[in-house]
There are 2 protein chains.
Amino acid sequence: MISQKAKYALRALLALAEMESDSISAGELAKGERIPRKFLEQILMELKRDGLIQSRRGVNGGYFLQRPADTITFGQVLRLFDGPIAPLPCLSRVAYRRCADCKDEGACRVRRVFAHVANSARAVLDQTTLADAIADPDSVDRISGLSINAS
Amino acid sequence: MISQKAKYALRALLALAEMESDSISAGELAKGERIPRKFLEQILMELKRDGLIQSRRGVNGGYFLQRPADTITFGQVLRLFDGPIAPLPCLSRVAYRRCADCKDEGACRVRRVFAHVANSARAVLDQTTLADAIADPDSVDRISGLSINAS
DNA sequence: ACATAGCCTACCAAACGAGTAGGCTATTAA
DNA sequence: TTAATAGCCTACTCGTTTGGTAGGCTATGT
């Protein structure tokens, strides 16, 4: 399960990517996306620190994307809020950590199986951008070639 | 990240699936797999309650698989210990829950993207059995067709 | 009858998740 | 020039989950 925070962040970014005006305030965003206001503020701060969005202060201030929507992937956002995508520390490329109790990583069968899970998750998340998610709904389905109702 | 508990459970099951003798005690298992003994006991209890393993009490007692290793999937074990595999409650087939703050589930772009992640994770986890993981290391790689070093 | 080993419940400390609260500062319209 | 707006920043809270420990009870084989 991804955290509520990451979900909010993605929704906020999608809203920013879609807006017509040049910026939107935290308050409006919160109302429009049904995100607790103060919580959203913190999320926006993190997004800003990470260089994904920018802000303007004072009256008529607000937030807007810093980079084009087709350069921001779901994977980046998820890693920022929820940490590594890998299901095991020893499978993370960003934050590799040996499993403390593992005797032989190369021979670990659990690791071997989850490597596939990690790879396919990354294949989707690092390839799907905000722009993909906003565009024609089916375009995102085409990325992985899997139907939403499969399995 | 999967929980330590689920990881231990999988390792224990793999050990049970591989053993030559007819049963193995919690103590031996704990030592062999480097799992805290008392913690392992609880895990084994859960596995038993769920019908995956059986036990014999008293001297020379121990645990053994209840069903053949090729009928126990990683998905079953993971769901037992960590709950739904789905990254969003609204994508779980086992424990569906609407996202409280979602306006229109059908139109949710976040959901749409993560549906692919969920599907590919399930494709691996519900198809890979203990037997697969034990057999020739490459057989498990063939299941998904992805190389371990891909992406 | 005693050692072995499973069964069961309770407890615990630390970390995490999902917020709330409150004040400070920059900007701009009146 | 002074409000009002809206972003910036830190701290705190509170319930839940994680990763165990602890301790005793009960069945079984020698």
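Computed from a predicted model, the values in this text were never measured in an experiment. Convention: sequence-line order gives letters A, B, ...; per-chain numbering from 1.
Both A:I2 and A:E41 sit near DNA chain C, but only A:I2 has its closest nucleotide nearer the 5' end.
Put simply, the side chain of B:K7 and the base of D:dG19 share no donor and acceptor less than 3.5 Å apart. Side-chain atoms of B:R57 and base atoms of C:dT4 include no donor and acceptor less than 3.5 Å apart.
D:dT17 atom P lies 20 Å from atom CE of B:M1, rounded to whole Å. We find that CG of B:L16 is positioned 11 Å from P of C:dG6, with the value rounded to whole Å. In this structure, A:M45 atom CE and C:dT20 atom P are separated by 17 Å, rounded to whole Å. Rounding to whole angstrom units, CD of residue A:Q42 and P of C:dG19 are separated by 11 Å. The CD1-C1' distance, from A:I43 to C:dA18, rounds to 9 Å in whole Å. Going from atom CG of B:D101 over to atom C1' of C:dG17 covers 15 Å, rounded to whole Å. The CZ-C1' distance, from A:F39 to C:dC16, rounds to 12 Å in whole Å. At whole-Å resolution of the value, CZ in B:R56 and C1' in D:dT28 are 11 Å apart.
A close approach under 4.0 Å does not occur between any side-chain nitrogen or oxygen of A:N60 and OP1 or OP2 of C:dT27. Between B:S55 and the phosphate of C:dC7, there is a side-chain N or O to OP1/OP2 separation shorter than 4.0 Å. For A:K5 and C:dG19, the shortest distance from a side-chain N or O to OP1 or OP2 is not below 4.0 Å.
Nearest to the side-chain atoms of A:K38 among the listed nucleotides C:dG23, D:dG19, D:dT28 stands C:dG23. Residue A:P36 places its side chain closer to C:dG19 than to any other of D:dG7, C:dG19, D:dT5.
Judged purely by atom type and a 3.5 angstrom limit, B:K103 uses its side chain to pair as donor or acceptor with the backbone of A:G32.
Each of A:L29, A:L47, A:L44 was checked for a side-chain contact (heavy atoms from CB on, under 4.5 Å) with A:Y63, and the lone residue meeting it is A:L44.
A salt bridge is defined here as a Lys NZ or Arg NE, NH1 or NH2 lying under 4.0 Å from an Asp or Glu carboxylate O, and B:K38 with B:E41 meets this definition. At a threshold of 4.0 Å, the pair A:E105-A:R98 does not count as salt-bridged, since none of the basic side-chain nitrogens sits closer than that to a carboxylate oxygen.
In this structure, A:Q127 and A:T73 have side chains that are not in contact, with every pair of non-hydrogen atoms separated by 4.5 Å or more.
Using a 4.0 Å heavy-atom criterion, one finds that A:Y8 contacts the sugar-phosphate atoms exclusively.
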